[in-house]
Number of protein chains: 2
Amino acid sequence: MAQSDTVDRILDAAEELFAERGFAETSLRMITSKAGVNLAAVNYHFGSKNSLIQSVFARFLTPFSATLESEFDELEARPGDRQLTVEEILGALTGSAVRMPQRNEWGISIFMRLLGLAYTQSQGHLREFLEDEYREVFSRFMSLLKRATPELSPVDRYWRIQFMLGATAFTMSSSDALRDILQTKTGVETPIQEIAARLIPFLAAGMQAPELMRTPRAEASVI
Amino acid sequence: MAQSDTVDRILDAAEELFAERGFAETSLRMITSKAGVNLAAVNYHFGSKNSLIQSVFARFLTPFSATLESEFDELEARPGDRQLTVEEILGALTGSAVRMPQRNEWGISIFMRLLGLAYTQSQGHLREFLEDEYREVFSRFMSLLKRATPELSPVDRYWRIQFMLGATAFTMSSSDALRDILQTKTGVETPIQEIAARLIPFLAAGMQAPELMRTPRAEASVI
DNA sequence: GTGTGTTTTAAACATACGTTTAAAGCAAAA
DNA sequence: TTTTGCTTTAAACGTATGTTTAAAACACAC
């Protein structure tokens, strides 16, 4: 085991297995055998499986949120104070994901997939951890989005942010997509940037769609 | 146990627990104790946990897809052959969900949440089962959507359908939302129809957004 | 080289899971 | 009443999980 790179080997293996199979479906024995370390190493270095999960996310999210903050700084410090567009704000997100120092070529895919799982699998401890740890960046993103969509009612804005989150997290967490991506890792690059590029116009258009008119006619066309 | 309503009691309990906690996180012992039946009853009546999961879906999806088929029939049989809109097609989906005979007032929420889980949790057997069982309705929906968005390239249409699915399934499967919905079950009705009503303009706008222009300028604004 | 604090190891622990078994219970037919 | 077929029951099975233990191995300062 050379010198103690045990911690990193565990994090690498866990990250990949979690992304492939989810949290509950990945056992510590799978992780440690893939990492080539002893079973007890996880509890020795991380304390528990739950805090291993949190560590996997922290390793991703801390540099990502730092990059995102500076991306937001740039956007807001531009000459003239014209309004930011939804596209620009969403672009900052994917831009940060791409710019962020990558551990390997399909790092972004795994990152997105894990984010999707985080919201999808009901891991109470993870949700609390993420909300506590990255509250700042998230609320900054929210207020930027609020300024970019002044015409939306708060309740519609709330729901549409949920919709965006859903489209993104779900798409990224679809295991088939991941399989395809990993399968094409022989190609020049992962198509994840392309998915993001296709996603942004969809989200931006949805975000800025006219609000539902509450007339009888519109009502009837909707139920 | 009156007469043998054991099967239904198991299905009811399983459906609710699966929606709350996911498949892997719900044990047969939780299900049978909630249903008030013996542990062995599941394996006796359903054979295995996996086929119990499939039965839960079949009980939902079979009447739903029947309703949806007839809704599609109505749409297509309208006088004059003007083009269907995306809103109308999506409306048929939510319309079917609402019209479908409900077992209880928050049946739709649970139904949507389960659908989200089905795509999200990597249950290979479930995917196969759903694809085999409901292939027809799904491909009919796809071809309707294709006729409603002739300007889209096939690859963009494919991804945008994924995005729609994601926004819907994710929103409906957000456990917080479910908790709120169940919490307000004392109120007049579940707000799920309202969510659907807010969702449709978002999805329709996203679906019909102009495709990404592959010019250097647009490229730069996106990465 | 000895001693010390950290890391790794193999083994066991307690618990939970899905599934199976064999006996008991039960309703309707003979 | 006895028999028959289906259903329910309590108990056990085998396996897998996360976690803990105590000894061994190791690296490094003295």
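Small disclaimer: the values here were computed from a predicted structure and weren't measured. In what follows, chains are A, B, ... by sequence order, proteins preceding strands, each numbered from 1. What's counted below: heavy atoms across the whole structure, side chains too, no hydrogens, waters or symmetry copies.
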Protein-nucleotide distance ([X], atom [atom1]; [N], atom [atom2]), rounded to Å:
{"X": "A/I10", "N": "D/dT19", "atom1": "CD1", "atom2": "P", "result": "13 Å"}
{"X": "A/N38", "N": "D/dA25", "atom1": "CG", "atom2": "P", "result": "14 Å"}
{"X": "B/F46", "N": "D/dT7", "atom1": "CZ", "atom2": "P", "result": "12 Å"}
{"X": "B/K49", "N": "D/dT15", "atom1": "NZ", "atom2": "P", "result": "19 Å"}
{"X": "B/M30", "N": "C/dT15", "atom1": "CE", "atom2": "C1'", "result": "13 Å"}
{"X": "A/E25", "N": "D/dT17", "atom1": "CD", "atom2": "C1'", "result": "13 Å"}
{"X": "A/R29", "N": "C/dA16", "atom1": "CZ", "atom2": "P", "result": "16 Å"}
{"X": "B/L28", "N": "D/dT9", "atom1": "CG", "atom2": "P", "result": "16 Å"}

Please work out the stems of DNA chain D from pairs that are Watson-Crick or G-U wobble with both distances under 3.5 Å, keeping only runs of three or more consecutive pairs.
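For DNA chain D the paired stretches long enough to count as stems (3 pairs minimum) are C:4-30 with D:1-27.
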Would B/E16 and B/E20 satisfy side-chain contact (heavy atoms from CB on, under 4.5 Å), going step by step from the backbone distance to the final call?
CA-CA 6 Å; B/E16 205 166 319; B/E20 268 174 25; 4.3 Å; yes
Keeping B/T62 on the side-chain end and B/R59 on the backbone end, is there a donor-acceptor pair under 3.5 Å?
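The answer is no, because no donor-acceptor pair under 3.5 Å joins these two groups.
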Look only at the side chain of A/R21 and the backbone of A/T26, and say whether a donor-acceptor pair between them is shorter than 3.5 Å.
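Checking the backbone N and O of A/T26 against the side chain of A/R21, no donor-acceptor pair under 3.5 Å is found.
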Output yes when at least one side-chain N/O atom of [X] is less than 4.0 Å from OP1 or OP2 of [N], else no.
{"X": "B/T6", "N": "D/dT8", "answer": "yes"}
{"X": "B/S27", "N": "C/dC17", "answer": "yes"}
{"X": "B/H45", "N": "D/dT8", "answer": "yes"}

Distance check, rounded to the nearest 0.5 Å: [X] atom [atom1] versus [Y] atom [atom2]?
{"X": "A/L144", "Y": "A/S139", "atom1": "CG", "atom2": "OG", "answer": "9.5 Å"}
{"X": "B/S65", "Y": "B/F138", "atom1": "OG", "atom2": "CZ", "answer": "13.0 Å"}
{"X": "A/E136", "Y": "A/E69", "atom1": "CD", "atom2": "CD", "answer": "6.0 Å"}

Give every pair of a protein N or O atom and an N or O atom of nucleotides 21-26 of chain C that lie under 3.5 Å apart, one pair per line with the distance.
none

Do B/F64 and B/F111 have their ring centres less than 6.0 Å from each other?
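So the answer is yes for these two rings.
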Side chain to side chain contact (heavy atoms under 4.5 Å, CB included), paired with A/V7, selected from A/L11, A/D5, A/I10:
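Result: among A/L11, A/D5, A/I10, A/L11 is the only option passing the side chain to side chain contact (heavy atoms under 4.5 Å, CB included) with A/V7.
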Mutual orientation of the aromatic rings belonging to A/F23 and A/F57 [parallel < 30°, tilted 30-60°, perpendicular > 60°]:
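A/F23 and A/F57: tilted rings.
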Want to settle it: does B/L39 or A/N43 sit nearer the 5' end of DNA chain D, counting the closest nucleotide to each?
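Between the two, 5'-proximity favours B/L39.
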Indicate, with a heavy-atom threshold strictly under 4.0 Å, whether A/T26 touches base, sugar-phosphate, or nothing.
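Since only primed, P, OP1 and OP2 atoms lie under 4.0 Å of A/T26, the category is sugar-phosphate.
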